[in-house]
Engineer: 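Provided herewith is a single structure, encoded as structure tokens, for subsequent inquiry.
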Protein chains: 2
Amino acid sequence: MIFQIDFKAGKPVYLQLVDQIRYAAAAGRLRPGEPLPSIRPLAEELRVNRNTIAKAYAELESQGVIETLPGKGCFLKVNSSPFTKPVRDKLLLTEIDEAVVMAHHLQIGRDKFLALVQERLDYFERKSTQHDSAE
Amino acid sequence: MIFQIDFKAGKPVYLQLVDQIRYAAAAGRLRPGEPLPSIRPLAEELRVNRNTIAKAYAELESQGVIETLPGKGCFLKVNSSPFTKPVRDKLLLTEIDEAVVMAHHLQIGRDKFLALVQERLDYFERKSTQHDSAE
DNA sequence: CCTACTGTCCTACAGTGCTAGGACAGCAAA
DNA sequence: TTTGCTGTCCTAGCACTGTAGGACAGTAGG
């Protein structure tokens, strides 16, 4: 797992990490049960404070993406999503609406939008069903 | 145009406004060329400073959603999106990926995801093709 | 011209959010 | 037990961002 931090991106480092780990999990580059890099070495590698990494991991844990075993480390959760069904639906709906509203203002039509969605679904599906994450 | 500001939402007031106006434009509740509420009266109605409204409008203008005619007011743009095609594609792709990654972590499958997307596309399409925005 | 409206620039202040370092707690192997 | 790893809590500094008020510029109508 290599992460790319952009210090002049404006976006907080810990949120960049959160996004990248969520993305990696969805793409199958991180598999359920797999350990995440431990905090101190990763902090040193990325040249940030340990608490910055810890904050990212804490955020991911609150989202139900990872879990922490005291003294052992952090691991990608097997059964993600601690939220109830209505909450999950609402979370996803918000995300979808943002994309639809964005498409409207970018003057991207329904057909192209749906094509893009299917393309991305295919992309993640394909990657996450590869047995070895050779890439 | 009535806007709902939630002061204890954590989200900045001016961003709440930006979202609501973008949403309203996509849903056809605001039509191209239509004037937005002028800054001072809206500020008074929402009990915030004029600059808070002004900041929202400035943000919307930078996104190409509205335009300002000096001394006359702000109006919803007719031809939105000042961005080049590759930039627009990238912006939308980012938004779509976020939704797809979200769906993965919420354990919402491809079929349900696609159904939700179509439902929302229908929703906005229907509203924006109604001639009078009665609602 | 003058008034009343439109949005804008400048400055300032308070709150918060990001990052950082020290000290502490849980687990495992020597 | 001791050592070396794991993550965590506490505190602090620093910057940035959100909000606010004063003064200014462009337009329309009396």
Side-chain angles (χ1 to χ4, degrees), chain A residues 1 3-22 25 30 33-78 82, chain B residues 1 3-22 25 30 33-78 82:
Chain A
M1 287 289 349
F3 299 108
Q4 281 301 341
I5 299 303
D6 181 359
F7 288 98
K8 56 187 187 307
K11 192 167 191 173
V13 173
Y14 85 98
L15 282 183
Q16 293 186 42
L17 252 187
V18 167
D19 284 349
Q20 289 186 36
I21 292 172
R22 284 175 64 88
L30 264 175
E34 195 172 328
L36 277 76
S38 32
I39 289 182
R40 281 159 225 259
L42 181 55
E44 194 174 355
E45 184 186 330
L46 300 181
R47 309 285 191 141
V48 293
N49 190 273
R50 351 171 208 116
N51 286 330
T52 302
I53 312 290
K55 186 167 190 176
Y57 284 8
E59 173 66 22
L60 286 165
E61 182 157 33
S62 84
Q63 292 177 7
V65 175
I66 69 175
E67 64 186 336
T68 302
L69 304 187
K72 304 185 102 177
C74 294
F75 303 83
L76 196 61
K77 254 199 167 181
V78 182
Chain B
M1 288 289 349
F3 298 108
Q4 283 299 343
I5 300 303
D6 182 359
F7 288 98
K8 52 187 189 311
K11 192 168 192 172
V13 173
Y14 85 100
L15 282 183
Q16 293 185 41
L17 253 186
V18 168
D19 283 349
Q20 289 184 36
I21 291 172
R22 283 174 66 88
L30 264 175
E34 194 172 330
L36 277 76
S38 32
I39 290 183
R40 281 161 226 259
L42 182 55
E44 195 174 354
E45 184 187 332
L46 299 180
R47 310 284 192 139
V48 293
N49 190 273
R50 352 165 208 121
N51 286 330
T52 302
I53 312 291
K55 186 165 189 177
Y57 284 9
E59 172 66 23
L60 286 164
E61 183 158 33
S62 84
Q63 293 177 5
V65 174
I66 70 176
E67 63 185 338
T68 301
L69 305 187
K72 305 182 102 177
C74 294
F75 303 84
L76 197 60
K77 255 200 167 179
V78 182

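These numbers come from a predicted model, not from an experiment. Letters A, B, ... mirror the listed sequences (proteins, then strands); counts begin at 1.
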Engineer: Return the value, rounded to whole Å, for the distance between atom CG of B:L60 and atom C1' of C:dG7.
Structural biologist: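 About 14 Å, once rounded to whole Å.
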Engineer: Can you tell me the distance, in whole Å, between the CZ atom of A:F75 and the C1' atom of D:dG7?
Structural biologist: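 It is 11 Å, rounded to the nearest whole Å.
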Engineer: Applying salt bridge (Lys or Arg N to Asp or Glu O under 4.0 Å), name anything that partners A:K72, two or more places apart in sequence or on another chain.
Structural biologist: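 Once residues adjacent in sequence are excluded, A:K72 has no partner under the salt bridge (Lys or Arg N to Asp or Glu O under 4.0 Å) criterion.
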Engineer: Provide, to the nearest angstrom, the distance between the CD1 atom belonging to A:I39 and the C1' atom belonging to D:dG4.
Structural biologist: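 One finds 16 Å between C1' of D:dG4 and CD1 of A:I39, rounded.
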Engineer: Give a yes/no on whether any side-chain N or O of A:T68 is located under 4.0 angstrom from OP1 or OP2 of D:dG7.
Structural biologist: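 No.
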Engineer: Kindly give the heavy-atom pair with the smallest separation between A:P82 and A:G64, and that separation in Å.
Structural biologist: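 For A:P82 versus A:G64, the nearest heavy atoms are CD-CA, 3.7 Å.
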Engineer: Between P on C:dA28 and CG on A:L69, what's the gap in Å once rounded to a whole number?
Structural biologist: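 Rounding to the nearest Å, CG of A:L69 and P of C:dA28 are 10 Å apart.
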Engineer: When the distance from CD of B:E61 to P of C:dT8 is rounded to whole Å, what number comes out?
Structural biologist: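 Rounded to the whole Å, the gap is 7 Å.
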Engineer: Rounded to whole Å, how long is the line connecting atom CD of A:E59 with atom P of C:dT19?
Structural biologist: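 So the CD-P distance, A:E59 to C:dT19, works out to 13 Å.
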Engineer: Starting at atom CD1 of A:I5, determine the distance to atom P of C:dA20, rounded to an integer number of angstrom.
Structural biologist: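 In whole Å, C:dA20 P and A:I5 CD1 are 11 Å from each other.
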Engineer: Under 3.5 Å, side-chain donor or acceptor atoms of residues 51-60 of chain B against the rest of the protein: list the pairs with distances, not counting sequence neighbours.
Structural biologist:
{"from": "B:Y57", "atom 1": "OH", "to": "B:P37", "atom 2": "O", "distance (Å)": "2.7"}
{"from": "B:E59", "atom 1": "OE2", "to": "B:Q63", "atom 2": "NE2", "distance (Å)": "2.8"}

Engineer: Grab the two heavy atoms, one from A:R47 and one from A:F7, that are nearest each other, plus how far apart they are.
Structural biologist: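 Between these two residues, the closest heavy atoms are O-CZ, 4.2 Å.
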Engineer: From CD of B:E44 over to C1' of C:dC5, roughly how many Å is that when rounded to an integer?
Structural biologist: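 Nearest whole value for this atom pair: 14 Å.
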Engineer: Any idea which heavy atoms bring B:L30 and B:L76 closest together, and the distance?
Structural biologist: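 Distance-wise, the nearest heavy atoms are O-CD2, 3.4 Å.
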Engineer: Mind listing the closest non-hydrogen atom pair of A:E67 and A:K77 along with its distance?
Structural biologist: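 Between these two residues, the closest heavy atoms are CB-CG, 3.9 Å.
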Engineer: Of B:G73 and B:G10, whose closest DNA chain C nucleotide lies nearer the 5' terminus?
Structural biologist: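 It is B:G73, whose closest nucleotide lies nearer the 5' terminus.
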Engineer: In B/S/- notation, 5' to 3', how is nucleotides 12-30 of chain D contacted by protein heavy atoms closer than 4.0 Å?
Structural biologist: ------BBBBBB--BSS--
